[in-house]
Amino acid sequence: MIDAHAHLDACEPAAEELIARARAAGVENVLSVGTDLDSCRETISIAERCEEVFAILGVHPHEAGGADAGRLDELETLLASPRAVALGEIGLDYFRDRAPRPAQRELFAAQLELAARLGKPVVIHTREADADTPAALDGFTGTIVLHCFSSPALLPWALEHDCFISFAGNVTYPSAGDLRDAARLVPPQRLLVESDSPFLAPQPERGQPNEPAFVVHTLAALAELLAEPVAELAERTAANTRTAFCLP
């Protein structure tokens, strides 16, 4: 089993302890995601210390109005690490609107250009931007991963464009019937599972900080939904994650 998206630099306790607990739960690898330049530096450091961890690096849309949006040369340097497997999470967030929307679109376009030049997959954060996100991705020919999928209206576009679709703990919430309906429609070879630690703990752990070990609950819920043995779904989603991010 692989946790396709976590923020180990934002978790407590230390990454090494979280990874040990994840391994005990059956999680072989964790893809840890940086969201600004300081976060990206710490994420690379964790990946270099922990062989189970690979890094995904990018400037989050919430940071589009800050200084890091203009320092993509530094991001490119960090992405040169052999531990960095993708650029993300990047995209558009019109739900919280923590940065001006034009600045978000400009940053998104610049990071897509960087990913295309480097030949890196992209991990997409999108909230309440169901029109502008596909428009921004038009013409991008690399691998696209839709992280913490929460926009069922985007599903037809995502399927048409062969996106990988990753589900987090919120798919287990009683109110998330629309996400479960979407999960049933994702092709088997395009489904990923993630914790999004320390956020969105799955229902059995809801109310406490999330961690990679808890991804087993999300996987179990998806297996029940899809009427598939847990072990088979664990193997398949892990294989999908290796394919999406070219992992060894």
Side-chain angles (χ1 to χ4, degrees), residues 2-11 15 29-93 98-127 129 132-148 161-164 166 192 194 196 241-248:
I2 297 178
D3 179 357
H5 193 112
H7 299 274
L8 292 176
D9 67 302
C11 291
N29 295 105
V30 176
L31 276 62
S32 190
V33 183
T35 55
D36 60 30
L37 290 177
D38 286 342
S39 171
C40 289
R41 292 187 189 96
E42 178 57 23
T43 298
I44 281 288
S45 177
I46 292 168
E48 289 174 346
R49 300 195 311 265
C50 303
E51 64 180 1
E52 300 90 347
V53 178
F54 294 94
I56 298 170
L57 309 178
V59 180
H60 193 283
H62 289 338
E63 308 299 325
D68 284 359
R71 297 161 62 190
L72 296 189
D73 55 334
E74 296 179 45
L75 176 63
E76 182 172 357
T77 298
L78 294 170
L79 285 163
S81 167
R83 305 299 297 173
V85 297
L87 207 155
E89 62 190 271
I90 63 176
L92 301 171
D93 193 318
R98 291 182 179 170
R101 294 182 182 185
Q104 291 189 48
R105 291 191 289 269
E106 182 178 353
L107 176 62
F108 192 14
Q111 291 187 97
L112 287 172
E113 182 180 340
L114 176 59
R117 181 157 53 81
L118 297 179
K120 298 280 190 185
V122 291
V123 175
I124 303 301
H125 172 110
T126 179
R127 294 194 73 186
D132 284 359
T133 294
L137 286 162
D138 184 39
F140 182 79
T141 59
T143 298
I144 298 169
V145 177
L146 298 180
H147 135 72
C148 189
H161 289 79
D162 290 328
C163 298
F164 288 91
S166 185
L192 307 182
E194 64 174 83
D196 201 18
T241 305
R242 292 188 185 98
T243 296
F245 295 101
C246 299
L247 302 183

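We count residues from 1, following the sequence as given.
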Exercise for the section: I would like to know whether Ile90 and Ile124 meet side-chain contact (heavy atoms from CB on, under 4.5 Å); could you show each step before the answer? Expected result: CA-CA 5 Å; Ile90 63 176; Ile124 303 301; 4.0 Å; yes
Exercise for the section: Report the C-alpha distance between Ser45 and Arg49 in whole Å, list the side-chain angles of each, state the deciding distance to 0.1 Å, and finish with yes or no for side-chain hydrogen bond (donor to acceptor under 3.5 Å, both in side chains). Expected result: CA-CA 6 Å; Ser45 177; Arg49 300 195 311 265; 2.9 Å; yes
Problem - Test side-chain contact (heavy atoms from CB on, under 4.5 Å) applied to Leu78 and Glu74, step by step - result: CA-CA 6 Å; Leu78 294 170; Glu74 296 179 45; 5.7 Å; no
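Looking at Val30 and Glu52, their side chains never come closer than 4.5 Å, going by heavy atoms from C-beta outward. Residues Val33 and Val123 have side chains not in contact (no heavy-atom distance under 4.5 Å, counting atoms from C-beta outward). Side-chain contact check for Cys163 versus Ile144: some heavy-atom pair is nearer than 4.5 Å. Leu118 has its side chain within reach of Glu76: a pair of non-hydrogen atoms, C-beta onward, lies under 4.5 Å apart.
Note that CD of Glu42 is 9.0 Å distant from OG of Ser32, once rounded to the nearest 0.5 Å. Of the inter-residue distances, the one linking Asp132 atom CG with Leu137 atom CG reads 11.0 Å to the nearest 0.5 angstrom. Atom CG of residue Leu87 and atom CG of residue Leu112 lie 8.5 Å apart, to the nearest 0.5 angstrom. For the atom pair CG of Asp9 and CG of Asp38, the computed distance is 9.5 Å after rounding to the nearest 0.5 Å. One finds the CG atom of Asp3 at 7.5 Å from the CG atom of Leu31 (value rounded to the nearest 0.5 Å). Considering CZ of Arg41 and CG of Leu75, their distance stands at 10.0 Å, rounded to 0.5 Å.
Cys40 and Thr35 make their closest contact through SG-N, 4.3 Å (heavy atoms, listed as atom of the first residue, atom of the second, distance). A pairwise comparison of heavy atoms in Ala129 and Pro134 identifies O-CD, 4.1 Å as the closest pair. Listed here is the closest heavy atom pair of Gly65 and Pro100: CA-CD, 4.4 Å. Looking at every heavy atom in both residues, Gly34 comes nearest to Ser39 through CA-OG, 3.2 Å.
Annotation: Glu113, atom CD; neighbour count of heavy atoms from other residues, nucleotides and ligands within 6.0 Å does not exceed 12.
When atom types are taken as modelled, the side chain of Asp68 and the backbone of Leu37 share a donor-acceptor pair closer than 3.5 angstrom. A distance-only check finds no donor-acceptor pair linking the side chain of Arg98 to the backbone of Ala64 [under 3.5 Å]. Of the possible polar contacts, none joining the Gln111 side chain to the Gly88 backbone as a donor-acceptor pair under 3.5 Å is found. Gln104 places a side-chain N or O within 3.5 Å of a backbone atom of Ala99 that can act as its donor or acceptor partner.
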List the atom pairs, donor and acceptor, that lie under 3.5 Å between side-chain atoms in residues 53-60 and the rest of the protein, sequence neighbours left out.
{"from": "His60", "atom 1": "ND1", "to": "His62", "atom 2": "N", "distance (Å)": "3.0"}
{"from": "His60", "atom 1": "NE2", "to": "Glu89", "atom 2": "OE1", "distance (Å)": "3.4"}
{"from": "His60", "atom 1": "NE2", "to": "His125", "atom 2": "ND1", "distance (Å)": "3.4"}

Would you give me the side-chain donor-acceptor pairs under 3.5 Å for residues 241-248, sequence neighbours excluded?
{"from": "Thr241", "atom 1": "OG1", "to": "Thr237", "atom 2": "O", "distance (Å)": "2.8"}
{"from": "Thr243", "atom 1": "OG1", "to": "Ala239", "atom 2": "O", "distance (Å)": "3.1"}

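With sequence neighbours left out, the ring-ring contact (aromatic ring centres under 6.0 Å, His included) criterion links His147 to His5.
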